[in-house]
Every structure is written in structure tokens, then in C-alpha cells.
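What follows is a single structure, written as C-alpha cells, with notes after it.
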Amino acid sequence: MFIFSGTANPAFAEDVASTLEVELGDVRVERFPDGEVFVKFIQNIRGRDVFIIQPTCAPPNENLMELLIMLDAARRASARRITAVLPFFGYARQDRKDQPRVPITAKLVANLLTTAGADRILTMDLHAQQIQGFFDIPVDHLYAAPILVKYLRRALNKDAVVVAPDSGGVKMAHSYSSMLGTSLAIVAKQRTDARKVTASHVVGDVAGKDCVLVDDLTTTAGTLIAAAEKLIESGAKRVFSAVTHCLLDEVSCRRLENSPITQLVTTNTVPCCDTVRSAGKVKILSVAPLIAEAILRINEERSISSLFRLD
């Protein structure tokens with residue numbers, strides 16, 4: 001097999017290749033003066049099992065287009081099978097038509113990936129489970145929970161509570177509470193604009209307990225901070241947050257540092273800015289070994305279902 005990396009998160013791809021004890025494939029990805037993307041696979045990949053690692057994080061349009069061109073180049077180079085490895089699947093929040101005259105962009109991206117040449121998708125913690133059904137090709141959907149839960153078990157007190165920061169996160173929160181063996185609580189929220197969120201009330205007993213807010217992604221930390229403030233008002237002892245995809249910018253990171261959140265535990269599915277990496281409240285865990293094991297099993301036609309377990 002060959003593993004190639006786009007330019008979105010090359011450090012992550014290096015970690016995956018290092019775990020598998022292979023070298024990244026040689027591919028040339030360049031930009032023409034007008035911004036057009038040019039891709040050329042230097043190695044012969046005819047008849048090979050090809051994996052292209054490229055999260056469609058910021059800037060999403062640039063990274064998505066680059067991935068599509070890499071898929072097309074690999075298909076035209078006669079690769080036997082092409083797996084698009086998206087540790088983070090961008091546009092996943094646009095997964096339904098919740099108001100008139102809007103697109104379902106997650107479905108559009110699924111169509112684009114398939115048309116460009118992807119034979120299989122490997123991704124992690126989709127914003128909505130139903131996105132798997134947008135594809136007409138196999139989708140292997142991994143979860144960061146086994147990595148995050150192992151860390152949280154050491155960080156939290158025994159009498160802890162897993163909290164859903166909004167009603168949409170109840171299913172994920174329930175999964176975490178089952179793995180951690182804790183009770184469950186919910187924070188009701190109302191979003192006033194893209195960056196501002198207000199929390200109205202807490203459902204569940206959090207007084208005197210460690211709380212951990214779980215979510216698939218955060219871009220502004222607005223939901224997490226509002227929920228944390230409400231939890232502290234309700235008597236919570238400490239508030240942690242476990243988020244798979246951390247898309248915080250410098251402004252959001254400063255807001256996090258000044259918030260009541262004790263620690264934000266996240267993964268390296270997307271590249272974090274220097275401010276986030278150096279932030280005292282942010283702990284970044286690597287999911288590269290999990291992705292690497294999934295790639296190996298896909299190549300060897302083995303099951304990956306055991307990767308969902310904590311052991």
C-alpha cells in the first residue's frame with residue numbers, strides 16, 4: 001500500500017506513517033500563481049492500495065479541492081483502490097435542510113468525493129451519524145472516545161458527571177457516560193449568532209461534582225463556555241471538556257483561557273494554531289495510532305470493529 005498526504009495536516013500523516021513504520025508516498029502538490037492546485041504522484045501507484053490523508057479543515061474549500069484533485073490523479077494513475085482518509089469531515093454541519101432554499105452540503109461533498117475517485121472513506125467522529133448514508137461507497141467511521149476516555153479516567157474524580165452541552169449531543173454524552181461509568185446531565189442552550197451562545201438551565205445533578213462536556217467539534221468554544229458557566233452556577237466543582245476536533249482560533253483560545261473550563265481535551269485530527277498548542281488549558285492527544293491501525297486492517301481486509309472498544 002501507499003500512504004500519501006495533502007497539505008492540510010502533514011504532521012498527522014507523518015505520525016500515521018511512522019506508526020505503520022512506512023514512509024509517506026512521494027507526491028507533488030503545488031499552486032499555480034492564480035491559485036490553481038497541481039498534483040503529481042511521483043511514484044508508480046498502478047494496481048496499489050492507496051490511502052490519501054487530508055482533513056477538510058480550514059481553509060475547507062482549499063483543502064477539499066486539493067483532496068478531490070489528488071483522488072482524480074490517483075484514479076487516472078490506475079490505483080487499485082483509493083481510500084480517502086478524512087480525520088475531520090468538513091461541511092458536516094450542513095447535513096439537513098432545516099430552512100427554505102438552503103443546500104445539504106454534506107451530501108454534495110459526499111458526491112464530489114465519490115465522483116473524484118474515492119472507493120472508500122475513512123473518517124472520525126462525524127457531526128451526524130446519518131452522513132454515512134450520504135455515500136454509496138463503504139464508510140469506516142472511527143470514534144476518538146477510546147483515546148479520550150482513557151485520559152479522562154485519570155483526570156476526573158470518581159463521582160463525575162458527563163454533560164451534553166446541548167440537546168443534540170445527548171447520544172454522544174450517553175456513550176461517554178457508559179464508558180466512564182458516570183451519570184448524565186444536559187445543558188439547554190440558545191444560539192443568538194455564530195459566536196454567541198446562552199445557556200438557560202441544567203437538567204441533572206452536578207453540585208459538588210467534576211463535569212465533563214463532550215462534543216464532536218468546537219470552532220468558537222461558545223457553546224462549551226456558556227455550558228461551563230451554567231454548570232459552575234449550579235455548583236459543579238470542576239468542568240472539563242472533551243472534543244474530538246478543535247478548530248479554535250486565537251480569539252476563541254483566549255476566551256477559553258478566561259473561562260471556567262479547567263481543561264479542554266482534544267485530538268490532533270486538525271492542525272492547531274500555535275496559540276492553541278501552547279495554551280495551558282488545552283491537552284492534545286494523538287489519534288494517529290487509531291487511524292494507522294484502521295488503515296492496516298483495511299489494507300489486509302480485516303475487521304475494524306474492535307477499534308471501537310476501550311481495550
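Here the structure is a predicted model, which means the values were calculated and not measured.
Annotation for D98: atom CG counts as buried by contact number, over 12 foreign heavy atoms lying within 6.0 Å. Within a 6.0 Å sphere centred on CE of M1, other residues, nucleotides and ligands contribute more than 12 heavy atoms. Around the NZ atom of K283, the shell of radius 6.0 Å holds no more than 12 heavy atoms that belong to other residues, nucleotides or ligands. Shown here is R93, whose CZ atom has no more than 12 heavy atoms of other residues, nucleotides or ligands within 6.0 Å. Other residues, nucleotides and ligands contribute more than 12 heavy atoms inside 6.0 Å of the CD atom of E301. With a 6.0 Å radius and a threshold of 12 heavy atoms from other residues, nucleotides or ligands, R48 has its CZ atom at or below the threshold. Around atom CD of E23, no more than 12 heavy atoms belonging to other residues, nucleotides or ligands sit under 6.0 Å away.
Counting heavy atoms from C-beta outward, E30 and F32 have side chains that stay 4.5 Å or more apart. Residues S175 and K171 fail the side-chain proximity criterion, which asks for heavy atoms closer than 4.5 Å. For the pair T56/V109, no side-chain contact is recorded, criterion being any heavy-atom separation below 4.5 Å from C-beta on. Residues L184 and V161 fail the side-chain proximity criterion, which asks for heavy atoms closer than 4.5 Å. The side-chain heavy atoms of V16 and I295, taken from C-beta on, include a pair separated by under 4.5 Å. Between Q132 and V139 the shortest side-chain heavy-atom distance falls below 4.5 Å. Contact of the T218 side chain with the D215 side chain is not registered, since no non-hydrogen atoms from C-beta on lie closer than 4.5 Å. Side chains of D119 and T83 form no contact here, defined as non-hydrogen atoms less than 4.5 Å apart.
Under the side chain to side chain contact (heavy atoms under 4.5 Å, CB included) rule, T269 has a single partner from P87, C246, C57, S286, which is P87.
With T105 contributing its side chain and L108 its backbone, the two residues share no donor-acceptor pair below 3.5 Å. Under a 3.5 Å cut-off, the side chain of D166 and the backbone N or O of G169 do form a donor-acceptor pair. A donor-acceptor pair is defined here as one N or O able to donate and one able to accept, closer than 3.5 Å; no such pair exists between the side chain of N157 and the backbone of A160. No donor-acceptor pair closer than 3.5 Å links the side chain of K209 to the backbone N or O of D159. Between the side chain of R277 and the backbone N or O of C272, at least one donor-acceptor pair lies under 3.5 Å. Panel note: side chain H127, backbone L217; no donor-acceptor pair is recorded below 3.5 Å. Although no hydrogens or angles enter the test, the distance criterion places a donor-acceptor pair under 3.5 Å between the side chain of K281 and the main chain of I261. Side-chain atoms of R297 do not come within 3.5 Å of backbone N or O of I304 as any donor-acceptor pair.
Shown here for D125 and D216, the closest heavy-atom pair between the two residues is O-CB, 4.2 Å. When every heavy atom of A279 is checked against every heavy atom of E257, the shortest pair comes out as CB-OE2, 3.2 Å. Between V102 and Q99, the closest heavy-atom pair is CG2-O, 3.1 Å. In terms of heavy-atom proximity, R238 sits nearest to L156 at NH2-CA, 4.4 Å. A pairwise comparison of heavy atoms in A173 and V162 identifies O-CG1, 3.4 Å as the closest pair. Closest non-hydrogen pair, L148 versus T266, comes out as CD2-O, 4.2 Å.
Judged by distance alone, the side chains of Q263 and S241 never bring a donor and an acceptor atom under 3.5 Å apart. Defined by atom type and a distance below 3.5 Å, a donor-acceptor pair is missing between the side-chain atoms of T114 and N111. Between the side chains of R254 and T275, not a single donor N or O lies within less than 3.5 Å of an accepting N or O.
If you take OH on Y176 and CG on L213, they are separated by 12.0 Å, rounding to the nearest 0.5 Å. Rounding to the nearest 0.5 Å places CE of M124 at 5.0 Å from CG of L142. Rounding to the nearest 0.5 Å places OG1 of T223 at 9.5 Å from CD1 of I225. The CG atom of L113 sits 13.0 Å away from the CZ atom of F134 when rounded to the nearest 0.5 Å. A distance of 9.5 Å separates CG in L68 from CD in Q54, rounded to the nearest 0.5 Å. Note that CD1 of I291 is 11.5 Å distant from CD of E293, once rounded to the nearest 0.5 Å.
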Problem set entry | Candidate pair D72 and R76, rule side chain to side chain contact (heavy atoms under 4.5 Å, CB included), full reasoning | CA-CA 6 Å; D72 185 71; R76 296 178 189 277; 2.7 Å; yes
Exercise. Step by step, would you call F38 with R28 a side chain to side chain contact (heavy atoms under 4.5 Å, CB included)?
Worked result: CA-CA 8 Å; F38 172 78; R28 214 168 89 209; 3.3 Å; yes
Problem set entry | Audit row: F12, V270, side chain to side chain contact (heavy atoms under 4.5 Å, CB included) steps and yes/no | CA-CA 8 Å; F12 180 82; V270 299; over 6 Å; no
Exercise. What do the steps show when you test D15 against S18 for side-chain hydrogen bond (donor to acceptor under 3.5 Å, both in side chains), and what is the final call?
Worked result: CA-CA 5 Å; D15 286 348; S18 176; over 6 Å; no
Problem set entry | Residue pair E14, S5: steps toward the side-chain hydrogen bond (donor to acceptor under 3.5 Å, both in side chains) verdict | CA-CA 8 Å; E14 286 282 0; S5 173; over 6 Å; no
For this session: Dump the intermediate steps for side chain to side chain contact (heavy atoms under 4.5 Å, CB included) on I137 and I121, then the final yes or no.
Result: CA-CA 8 Å; I137 57 176; I121 301 294; 3.8 Å; yes
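Follow the hydrophobic side-chain contacts under 4.5 Å out from I52 and you reach Y91 in the same cluster. F2 is connected to L71 through a chain of hydrophobic side-chain contacts under 4.5 Å among Ile, Leu, Val, Met, Phe, Trp and Tyr, so both are in one cluster. I131 and L122 fall into different hydrophobic clusters, where Ile, Leu, Val, Met, Phe, Trp and Tyr residues are linked whenever their side-chain heavy atoms come under 4.5 Å apart, directly or through other members. Criterion: ILVMFWY side-chain heavy atoms under 4.5 Å apart, direct or through other members. Under it, L24 and I69 are not part of a common hydrophobic cluster. Note on V187: it clusters hydrophobically with L256, by side-chain heavy-atom contacts below 4.5 Å among ILVMFWY residues.
One finds a salt bridge joining R81 and D49 here, because a Lys/Arg side-chain nitrogen approaches an Asp/Glu carboxylate oxygen to under 4.0 Å. In this structure, K237 does not pair ionically with D210, as no charged nitrogen and carboxylate oxygen lie closer than 4.0 Å. A salt bridge does not link E250 with R255: every distance from a Lys NZ or Arg NE/NH1/NH2 to an Asp or Glu carboxylate oxygen is 4.0 Å or more.
Listed by chain and residue number, L296, R302 satisfy the side chain to side chain contact (heavy atoms under 4.5 Å, CB included) test with E300 (two or more places apart in sequence, or in another chain).
Taking the six-membered ring wherever Trp is involved, the centroid distance between the rings of F4 and F41 falls below 6.0 Å. A centroid separation of less than 6.0 Å is found between the aromatic rings of Y143 and H141.
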